[in-house]
Amino acid sequence: METIDKKWKEQGYIDQPVDKNIDLKTEIRRMCKEKNAVLMAHYYTVGDVQDVADFVGDSLALAQKAAQTDADIIVMCGVHFMGETNKILCPEKTILIPDTNASCSLAESCPADKFAEFVKAHPGHTVISYVNTSAATKAVTDVVVTSSNAKLIVGSFPQDTPMIFGPDKNLGGYINKITGRNMILWDGACHVHSRFSVSGILKLKAEHPNAKVLAHPECKDEVLSIADKVGSTAALLKFCLDDEAHEFIVATESGILYEMEKGAPQKTFIPAPEEGKCGCNECEYMKLITLEKVYNCLKYEFPTIEVDEEIAKKAVRPINRMLEISKQMGL
Ligand code: 13P
Ligand code: SF4
């Protein structure tokens with residue numbers, strides 16, 4: 001095993017320069033085979049990382065794959081909470097993340113101690129948490145949901161069940177609306193999805209009248225109400241591949257455009273603009289995961305994701321509950 005530099009520990013990633021003559025993708029695949037490692041990537045990572053991954057998916061699919069894999073090492077090319085979910089589900093495996101600074105503004109908008117106070121202030125309420133939360137927040141949760149299964153899981157409870165939902169007020173508000181529930185919402189949001197501009201989307205719509213608007217449920221209600229399709233990254237991808245339209249305005253993180261363009265090269269995908277800008281909207285945390293960092297992380301088997309055992313014991317229950325309900329519902 002290579003030695004881990006003190007500087008790398010402090011900065012949370014390895015910045016060892018990579019030999020220019022190495023074909024990174026071939027080397028990464030070779031190391032995966034040699035070390036019995038599986039590389040999983042979220043749709044928001046850069047195209048090169050998606051290309052080299054064994055599996056690319058949304059948060060639900062990534063958790064489902066982690067629960068099933070027999071690999072010894074999982075390299076999570078995504079953000080920190082995704083790696084934590086893997087560690088909670090597979091405590092005996094080594095979980096690597098190429099850069100531990102790959103955080104999530106939504107998860108950060110819900111500190112576990114404050115969320116525990118919120119839970120305490122609402123006795124008798126079922127606690128639903130979005131997967132974009134820390135392990136410690138999941139530990140005070142009854143059921144975890146993702147954007148793929150939130151509607152079905154919330155809808156599986158009797159209509160009059162008192163519930164609280166955290167941390168995304170946009171997703172929670174949307175689920176309340178479509179299920180007729182009245183969940184009490186934590187006041188959190190994703191900085192990427194909450195900044196899409198309604199006027200910018202309407203302007204694009206005027207220029208491309210046949211384009212359909214696709215939006216992730218983390219977007220604000222004003223954006224969701226003008227969307228033709230609201231769904232998780234996987235649902236939006238499926239919709240644009242199956243639908244007869246040829247143009248789509250995409251209101252989610254722009255990494256998804258890579259898979260969309262790959263799946264339907266004859267169609268046009270236009271990233272929705274953010275407030276005050278005309279370019280696309282990127283999650284800077286997802287973009288921290290580069291091919292060089294994936295290579296170094298596999299080579300040195302560092303950085304790893306660790307979760308406190310007591311927290312993991314509590315957090316595994318609501319995650320497994322989500323996976324069981326999803327399975328029962330055919331997701
Ligand atoms: P998905 O569950 O749709 O993959 O979304 C994850 C996420 O981080 C959205 O910002
Ligand atoms: Fe978190 Fe938003 Fe980035 Fe998704 S896009 S990982 S919710 S900060």
Taking every heavy atom of Gly124 against every heavy atom of Pro162, the minimum-distance pair comes out as O-CG, 3.7 Å
Between the CD atom in Gln50 and the CG atom in Asp48, the distance rounded to the nearest 0.5 Å is 9.5 Å
For Phe118, the other hydrophobic cluster members (4.5 Å side-chain criterion, sorted by chain and number) are Phe115, Val119, Val127, Val140, Ile164, Ile184, Trp186
**Request:** Dump the intermediate steps for salt bridge (Lys or Arg N to Asp or Glu O under 4.0 Å) on Lys7 and Glu10, then the final yes or no.
**Result:** CA-CA 5 Å; Lys7 181 185 135 203; Glu10 280 163 10; over 6 Å; no
All heavy atoms of Pro158 vs all of Thr161, minimum pair found to be O-OG1, 2.7 Å
(message) Would Asn320 and Glu324 count as a side chain to side chain donor-acceptor pair (under 3.5 Å) here? Give the steps.
(response) CA-CA 6 Å; Asn320 276 334; Glu324 279 154 26; 5.5 Å; no
What one should report as the nearest heavy-atom pair of Glu301 and Thr304 is O-CG2, 3.8 Å
Self-check item: Side-chain heavy atoms of Val143 within contact of Phe157, under 4.5 Å
Solution: yes
Report all side-chain donor-acceptor pairs from residues 63-81 shorter than 3.5 Å, counting only partners two or more places apart or in another chain.
residue	atom	partner	partner atom	Å
Gln64	NE2	Leu331	O	3.3
Thr69	OG1	Ala71	N	3.1
Asp72	OD2	Asn36	ND2	3.2

Quick note, ring pair (Phe, Tyr, Trp, His ring centres under 6.0 Å) partners involving residues 211-262, not counting sequence neighbours, are His193-His216, Phe248-Phe269
When rounded to the nearest 0.5 Å, the distance separating CD1 of Ile311 from CD of Glu84 is 8.5 Å
Are any of the side-chain heavy atoms of Ile14 and Lys293 separated by less than 4.5 Å?
no
Determine, step by step, whether Arg29 and Asp54 satisfy the salt bridge (Lys or Arg N to Asp or Glu O under 4.0 Å) criterion, reporting the C-alpha distance in whole Å, the side-chain angles of both residues, the deciding distance to 0.1 Å, and the verdict.
CA-CA 9 Å; Arg29 292 308 325 157; Asp54 291 282; 2.8 Å; yes
For side chain to side chain donor-acceptor pair (under 3.5 Å), just list the numbers for Ser129 and Thr141, CA-CA rounded to whole Å, side-chain angles, deciding distance to a tenth of an Å, and then say yes or no.
-> CA-CA 6 Å; Ser129 286; Thr141 294; 2.7 Å; yes
Next on the checklist: Taking the side chain as everything from C-beta on, heavy atoms only, tell me whether Val294 gets closer than 4.5 Å to Leu39.
Outcome noted: yes
**Asked** Would you say the side chain of Met286 lies within less than 4.5 Å of the side chain of Met82, judging by non-hydrogen atoms?
**Response** yes
Item checked: Close side-chain approach of Met183 to Ile175, heavy-atom, < 4.5 Å -> yes
Smallest heavy-atom separation, Ala215 atom then Ala227 atom, equals CB-CB, 3.8 Å
Side-chain heavy atoms of Cys32 within contact of Leu298, under 4.5 Å:
yes
Under a plain distance cut-off of 3.5 Å, with no hydrogens placed, do Thr146 and Ser59 share a side-chain donor-acceptor pair?
no
message: Less than 4.5 Å apart, side chain to side chain, heavy atoms only: is that true for Val250 and Ile270?
response: no
### Message
Any heavy-atom pair between the side chains of Ile88 and Ile319 that's under 4.5 Å?
### Response
yes
Applying side chain to side chain donor-acceptor pair (under 3.5 Å) to Glu253 and Tyr43, what does each step give before you reach the verdict?
CA-CA 9 Å; Glu253 208 275 350; Tyr43 289 124; over 6 Å; no
Taken to the nearest 0.5 Å, the spacing of Asp99 CG from Leu96 CG works out to 13.0 Å
In short, Arg195 meets Glu282 closest at the heavy-atom pair NH2-O, 3.3 Å
In Asp58, Val230, Thr252, Leu241, the residue satisfying side-chain contact (heavy atoms from CB on, under 4.5 Å) with Leu236 is Thr252
Given Asp142 and Thr126, is the side chain to side chain donor-acceptor pair (under 3.5 Å) satisfied, shown in steps?
-> CA-CA 6 Å; Asp142 293 312; Thr126 297; 4.8 Å; no
Would the number of heavy atoms belonging to other residues, nucleotides or ligands and lying under 6.0 Å from NZ of Lys262 be above 12?
yes
Taken to the nearest 0.5 Å, the spacing of Met322 CE from Leu60 CG works out to 5.5 Å
